Amino acid sequence: MPQKPTTRIDGLLLELCRRHGFCSIDADLLLQNPPATVDRSVDLILASEGLDPDDYGRSGRRELAHLVGEWVFDEGHGKGSASGLP
């Protein structure tokens, strides 16, 4: 994983790794077949880490959803837009 993100997905993955220890997510998986919603993105992240999305706590899901929303689904108002990354 690059230390300096080159895409919004890289930015999200870098923050997930640093803040949550979720470091085994494949960026290509997210780029080639991007989930259509924040919730599906969170499910994919958790499954990539070997966790059951249905058993992951509500507050943890909410925090992950916030990060995904900020980087990928930010509609011009979050970290993804502020970063200027594609």
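Nothing here was measured: the structure is a model prediction, and the numbers come from that model.
Contact detail for D74 and K79: the closest heavy-atom pair is OD2-N, 4.2 Å. Residues F73 and A36 share a closest heavy-atom pair of CE2-O, 3.5 Å.
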Derivation of the side-chain contact (heavy atoms from CB on, under 4.5 Å) call for V42 and Y56: CA-CA 10 Å; V42 171; Y56 203 72; 6.0 Å; no
Working for side-chain contact (heavy atoms from CB on, under 4.5 Å), residues E63 and H20: CA-CA 10 Å; E63 188 173 346; H20 296 279; 3.1 Å; yes
Steps toward side-chain contact (heavy atoms from CB on, under 4.5 Å) verdict (L30, L13): CA-CA 10 Å; L30 288 171; L13 296 180; 3.8 Å; yes
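The salt bridge (Lys or Arg N to Asp or Glu O under 4.0 Å) pairs that include a residue from residues 28-47 are D43-R61, where partners are two or more places apart or lie in different chains.
Shown here are the side chain to side chain contact (heavy atoms under 4.5 Å, CB included) partners of R58, two or more places apart in sequence or in another chain: R62. Every residue two or more places apart in sequence or in another chain was checked for a ring-ring contact (aromatic ring centres under 6.0 Å, His included) with H66, and none qualifies.
Residues V72 and V38 form no side-chain contact, since every pair of their non-hydrogen atoms from C-beta on lies 4.5 Å or further apart.
Atom OG of residue S41 and atom CD1 of residue I25 lie 10.5 Å apart, to the nearest 0.5 angstrom. Note: D10 CG to L31 CG = 7.0 Å, rounded to the nearest 0.5 Å.
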Using atom types as modelled, flag every donor-acceptor pair under 3.5 Å from a side chain in residues 45-52 to any protein atom, sequence neighbours excluded.
residue, atom, partner, partner atom, Å
S48, OG, L44, O, 2.8
E49, OE1, S24, OG, 3.3
E49, OE2, C23, N, 3.3
E49, OE2, S24, N, 2.9
E49, OE2, S24, OG, 2.8
D52, OD1, D54, N, 2.9

